[in-house]
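First the structure, in the form of structure tokens, and then the observations on it.
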Amino acid sequence: MKIEVGGVEAFVSTLNKWNKRMIAQANKEVIGAAMRAAGLARQRCQPHDDDDAVTSADIRAVAQSINYTHDKENISAQVFAGNTQKDHFAAYLEFGTGDHAKKYVKTLPYEYEVLAWQFFVNGKGTMREHPFLIPSYRQEGKRFVERMKGLRPL
């Protein structure tokens, strides 16, 4: 006995088209989320009233460095601050240093505490925290998740 199922090629072709459209939609959402998170971070990256002139200038430089990269193949993006891999000032700005960091970092979810420890030097710094990147990521992340849940094949 033999049973033939027709139309499988057309069905697979339709699935492949949906897949390409879904990937394109997802990439569009990823880029949009990265752009919005970078914009929010630039807005938040501001000196405090009591920051000295040098620190204020450094903070403005970090704000100007905030950007993102997009990896189309992996449907991902990175939002970053600082001009080089060794530029830790952005992290010191985000988390603070010394006692300021010690107090602030405890208020963050665990994964951010782990991240902050990567920049620990000696615990003697005096810079207050200026959270800009993590709050922006968390704010836009919630929006991004909801938008991704809403993706449907066209």
Could you walk me through whether Lys20 and Ile23 pass the side chain to side chain contact (heavy atoms under 4.5 Å, CB included) test, one step at a time?
CA-CA 5 Å; Lys20 288 177 185 175; Ile23 289 171; 5.8 Å; no

Shortest non-hydrogen contact from Glu94 toward Pro135
OE2-CD, 3.5 Å

What residues, two or more places apart in sequence or in another chain, satisfy salt bridge (Lys or Arg N to Asp or Glu O under 4.0 Å) together with Arg138?
none

I'd like to know if the side chain of Asn74 and the backbone of Ser76 have a donor-acceptor N/O pair within less than 3.5 Å.
no

Heavy atoms only: give me the nearest Ala33-Glu140 pair and the separation to one decimal.
O-CG, 3.3 Å

Would you call Lys149 and Glu146 a salt bridge, using N to O less than 4.0 angstrom?
yes

Kindly say whether Glu129 contributes a backbone atom to a donor-acceptor pair with the side chain of His48 at under 3.5 angstrom?
yes

Checking Lys72, Glu73, His70 against Asn27 for side chain to side chain donor-acceptor pair (under 3.5 Å), the one that qualifies is His70

Quick one: does Leu151's side chain get under 4.5 Å of Met148's, heavy atoms only?
yes

Starting from the C-alpha separation in whole Å, work towards a yes-or-no answer on side chain to side chain contact (heavy atoms under 4.5 Å, CB included) for Arg21 and Trp18.
CA-CA 5 Å; Arg21 289 183 194 141; Trp18 281 357; 3.8 Å; yes

Is Val30 reachable from Val145 through a run of hydrophobic residues whose side-chain heavy atoms are each under 4.5 Å from the next?
no

Same apolar cluster: Leu93 and Phe80, side chain cutoff 4.5 Å:
no

Mind checking whether Val79 and Met35 sit in one hydrophobic cluster, side chains of I, L, V, M, F, W, Y counted as touching below 4.5 Å?
yes

Distance-only criterion, 3.5 Å: show the donor-acceptor pairs between side-chain atoms of residues 97-121 and protein atoms not counting sequence neighbours.
unit_1: Thr97; atom_1: OG1; unit_2: Thr126; atom_2: N; d: 3.0
unit_1: Thr97; atom_1: OG1; unit_2: Met127; atom_2: N; d: 2.8
unit_1: Thr107; atom_1: OG1; unit_2: Tyr104; atom_2: O; d: 2.5

Could you go through residues 57-69 and list every donor-acceptor pair under 3.5 Å that involves a side-chain atom there, pairing it with any protein atom two or more places apart or in another chain?
unit_1: Ser65; atom_1: OG; unit_2: Val62; atom_2: O; d: 2.7
unit_1: Ser65; atom_1: OG; unit_2: Gly82; atom_2: N; d: 2.7

Residues, nucleotides or ligands: over 12 heavy atoms within 6.0 Å of Tyr137 OH
no

Is Phe132 reachable from Leu40 through a run of hydrophobic residues whose side-chain heavy atoms are each under 4.5 Å from the next?
no

Closest contact, heavy atoms only, Ser136 versus Ala37
CB-O, 3.5 Å

